[in-house]
Amino acid sequence: MSKLKIYNSYSREKEEFEPLVPGHVGMYVCGPTVSGESHLGHARPYITFDVVYRYLMHLGYKVRYVRNITDAGHFEEEGREAEDKISKKAQIERLEPMELVQKYTNLYHWAMEKFNNLPPSIEPTATGHIVEQIGMIEKLIDAGYAYVAGGSVYFDVKKYAENHDYGKLSGRIIDDLLETTRALEGQEEKKDKADFALWKEAPPEHIMRWKSPWGEGFPGWHIECSAMATKYLGAQFDIHGGGMDLQFPHHESEIAQSTICNHIAPVRYWMHNNMITINGKKMGKSYNNVIKLTEMFSGDHPMLEKAFSPMTIRFFILQTHYRSTVDFSNEALVASEKGLKRLMEAYEWLKQTTFDHQSAGTDTELDEKVVKLVSEFDDFINDDFNTAKVLANMFELVPVINSIKDKQIKADALSGQTLLLLQTQMKTYVEDILGLQAESAAEEDKLKGVMKVLIDLRKEARTKKDWATSDKIRNQLAEIGIQLKDDKDGNISWNMQ
RNA sequence: GGUACCGUGGCCGAGUGGCUAGGCAGAGCUCUGCAAAAGCUCCUACAGCAGUUCGAAUCUGCUCGGUACCUCCA
């Protein structure tokens with residue numbers, strides 16, 4: 001069997017994956033800033049890395065998956081007037097910052113669950129790790145790579161670049177960064193324009209603030225990930241993931257900070273997912289073209305022709321390789337919705353069907369084809385998580401499965417061994433690795449519709465004193481675990497046992 | 001301006017130097033009381049130009065077009 005290869009953004013090559021500690025994998029993924037609602041673009045990294053997480057576990061690794069929550073606001077633009085995104089909005093909405101953070105964190109968790117994303121092993125918050133961040137900044141100052149200016153602390157990029165490769169991850173050239181002509185206000189505190197803040201002095205109106213050796217302030221954006229990754233995964237760990245837009249400056253800066261603090265490059269494999277675009281443009285707050293997840297699920301957005309379920313979106317995302325952009329459109333989503341339905345119907349039948357696993361098989365050619373298609377799942381996922389190709393093979397298997405189901409192909413055409421392999425591989429990949437599941441939400445809606453039909457029929461029967469029919473409906477539903485209750489007001493309610 | 005990346009059939013998308021994914025849509029057929037579903041078959045593309053090669057959508061160069069990052073951003 002092939003071995004897992006991961007495209008490492010740092011080396012720009014696919015590399016065979018070898019964990020630092022045999023049997024264990026440490027993975028850090030940049031989580032959301034909970035100052036607002038998650039949108040479609042946010043779905044991509046969490047679904048992408050959920051599959052990575054699931055696959056690593058499938059391979060038998062014990063994985064510690066750390067995904068942070070950024071709940072401490074950051075300055076909007078480095079060097080310009082510092083303002084805390086969260087506190088700013090809190091003032092407008094007259095809410096406590098933590099109330100806002102809680103609200104959006106809950107909403108984010110709700111969406112993750114809808115996507116069937118497994119929860120990470122540790123989900124640390126920035127505000128919960130101020131101490132660690134301050135500790136790291138102190139280390140950087142002691143090492144001579146950070147300097148205090150006013151009540152703020154900056155990282156000395158120029159000095160770092162003298163003996164380290166600053167810019168390698170993001171393909172930046174250090175001299176360009178130092179000589180950037182970009183005119184930003186309030187740069188005078190910094191020695192060089194490329195320097196980034198580790199700690200920012202809080203202006204008086206800033207609500208979120210903490211005491212520090214340099215006065216009251218708040219941590220710079222990049223330091224939280226370095227501090228929390230170090231704390232939970234160690235000085236060096238296996239995989240760091242996130243969106244491509246975080247490569248610079250966020251991840252570049254993380255490397256610099258951690259390297260100085262821990263005397264070792266923090267990450268062995270950098271993975272970056274590409275963006276979701278809409279009409280060819282990146283979906284993002286600054287472009288004013290976001291569709292929030294709640295809007296995706298409800299269809300309540302001018303650009304949406306209908307609602308799309310979380311599973312449709314998950315499938316849509318997995319149909320594209322994670323390093324390519326995916327362009328959102330109603331047509332593409334509808335296509336995914338239909339494709340997913342066909343796949344899942346075939347899969348559900350396959351899953352609940354019992355075959356004769358002793359049969360020798362009569363159609364060698366077909367048997368070999370199925371074995372090949374199913375075995376390639378492993379090769380494709382090992383090739384930098386090519387979920388698109390895995391799904392393509394599944395769709396080649398769908399007609400085979402449906403033909404067996406409709407008896408157009410006899411079940412014994414395939415050997416018992418192959419049928420078993422087909423069943424187990426499909427289950428492993430559909431459910432365990434890709435994390436696809438039947439549309440529970442959609443099914444629930446349908447179930448409600450069905451129950452209404454039955455309840456209406458029963459009401460009619462009761463009105464006509466047709467107790468036989470009335471009782472039949474109630475008793476047979478009870479047999480399958482649905483209890484009907486005649487409420488005092490004449491309505492009929494139901495619940496599942 | 002700097003640095004990358006991309007340009008695939010009606011739409012979405014995978015991809016390797018030769019064997020030409022897959023989904024959706026469309027057409028025909030089979031099955032079917034009707035319908036749906038399902039199955040079979042068809043539609044065969046790689047922005048343009050030049051080059052390397054026995055052979056390129058895949059490598060090189062140029063042209064055109066697009067995107068991302070360089071500032072918060074998944």
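Just so we're clear, the structure is a prediction, and the values are computed from it rather than from any experiment. Chain letters run A, B, ... following the sequence lines, proteins first and then strands; every chain starts at 1. What's counted below: heavy atoms across the whole structure, side chains too, no hydrogens, waters or symmetry copies.
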Reckon [X] touches a base, only the sugar-phosphate, or nothing at all at heavy-atom distances under 4.0 Å?
{"X": "Q247(A)", "answer": "nothing"}
{"X": "G41(A)", "answer": "base"}
{"X": "S336(A)", "answer": "nothing"}
{"X": "I276(A)", "answer": "base"}
{"X": "M275(A)", "answer": "base"}
{"X": "F380(A)", "answer": "nothing"}
{"X": "V334(A)", "answer": "nothing"}

In whole Å, I'd like the distance from the [atom1] atom of [X] to the [atom2] atom of [N].
{"X": "H272(A)", "N": "U67(B)", "atom1": "NE2", "atom2": "P", "value": "23 Å"}
{"X": "M283(A)", "N": "C72(B)", "atom1": "CE", "atom2": "C1'", "value": "18 Å"}
{"X": "Y10(A)", "N": "A4(B)", "atom1": "OH", "atom2": "C1'", "value": "17 Å"}
{"X": "D245(A)", "N": "A68(B)", "atom1": "CG", "atom2": "C1'", "value": "9 Å"}
{"X": "I173(A)", "N": "C69(B)", "atom1": "CD1", "atom2": "C1'", "value": "13 Å"}
{"X": "L169(A)", "N": "A68(B)", "atom1": "CG", "atom2": "C1'", "value": "15 Å"}
{"X": "L318(A)", "N": "A14(B)", "atom1": "CG", "atom2": "C1'", "value": "14 Å"}
{"X": "D327(A)", "N": "C5(B)", "atom1": "CG", "atom2": "C1'", "value": "16 Å"}

Exercise. Would you say N330(A)'s side chain and M303(A)'s backbone share a donor-acceptor pair under 3.5 angstrom?
Worked result: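 Flag set: sc N330(A) to bb M303(A) pair under 3.5 Å.
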Exercise. Within the distance-only criterion (no hydrogens, no angle test), does the side chain of Q352(A) pair as donor or acceptor with the backbone N or O of W349(A) below 3.5 angstrom?
Worked result: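 It does hold such a pair.
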Problem set entry | Whole-angstrom distance between U52(B) and U60(B), as gauged at atom C1' |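 Roughly 7 Å separates the two C1' atoms.
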Problem set entry | Along RNA chain B (nearest heavy atom to each residue), the more 5'-positioned of Y46(A) and K389(A) |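 The residue mapped nearer the 5' terminus is K389(A).
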Exercise. Closest nucleotide of RNA chain B for A392(A) versus for N386(A): which of these residues is on the 5' side?
Worked result: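 Checking each residue's closest nucleotide, the 5'-ward one belongs to N386(A).
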Report the nucleotide, chosen from [options], that has the shortest atom-to-atom distance to any side-chain atom of [X].
{"X": "K285(A)", "options": "A21(B), G23(B), A74(B)", "result": "A74(B)"}
{"X": "T320(A)", "options": "C12(B), A14(B), A74(B)", "result": "A14(B)"}
{"X": "F316(A)", "options": "C70(B), A14(B), C12(B)", "result": "C12(B)"}

Side chains of residues 331-339 of chain A: which donor-acceptor partners sit under 3.5 Å, not counting sequence neighbours?
unit_1: S336(A); atom_1: OG; unit_2: Q319(A); atom_2: OE1; d: 3.1
unit_1: S336(A); atom_1: OG; unit_2: A332(A); atom_2: O; d: 3.2
unit_1: E337(A); atom_1: OE1; unit_2: K306(A); atom_2: NZ; d: 3.0
unit_1: E337(A); atom_1: OE2; unit_2: K306(A); atom_2: NZ; d: 2.8

Exercise. How does protein contact run along nucleotides 25-40 of chain B, one letter per nucleotide 5' to 3', with B for base contact, S for sugar-phosphate only, - for none, heavy atoms under 4.0 Å?
Worked result: S------------SSS
Does [X] pair with [Y] as a salt bridge, N-O distance under 4.0 Å?
{"X": "D383(A)", "Y": "K14(A)", "answer": "yes"}
{"X": "E345(A)", "Y": "K341(A)", "answer": "yes"}
{"X": "K372(A)", "Y": "E368(A)", "answer": "no"}

Exercise. With a cut-off of under 6.0 Å to the ring centre and 45° to the axis, is R67(A) in cation-pi contact with F49(A)?
Worked result: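 Cation-pi check for R67(A) and F49(A): fails.
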For this session: Give a yes or no on whether R64(A) atom CZ has more than 12 heavy-atom contacts from other residues, nucleotides or ligands under 6.0 Å away.
Result: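 Counting neighbours around CZ of R64(A), 12 or fewer heavy atoms of other residues, nucleotides or ligands fall under 6.0 Å, so no.
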For this session: Could you tell me how the ring of H272(A) sits relative to the ring of W270(A): parallel (under 30°), tilted (30 to 60°) or perpendicular (over 60°)?
Result: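 Rings of H272(A) and W270(A): parallel, as their planes differ by under 30°.
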Exercise. Out of curiosity, L4(A) CG to L56(A) CG, how far, rounded to the nearest 0.5 Å?
Worked result: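 Rounded to the nearest 0.5 Å, the CG-CG separation comes to 6.5 Å.
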Problem set entry | Sole residue of T387(A), D384(A), N274(A), N386(A) in side chain to side chain donor-acceptor pair (under 3.5 Å) with Y322(A) |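 The passing option is D384(A).
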Exercise. When you look for runs of 3 or more Watson-Crick or G-U pairs in a row, both distances below 3.5 Å, which of them include RNA chain B?
Worked result: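 Ordered by first number, the stems with RNA chain B (at least 3 consecutive pairs each) read B:1-7 with B:64-70, B:10-12 with B:22-24, B:26-30 with B:38-42, B:47-51 with B:59-63.
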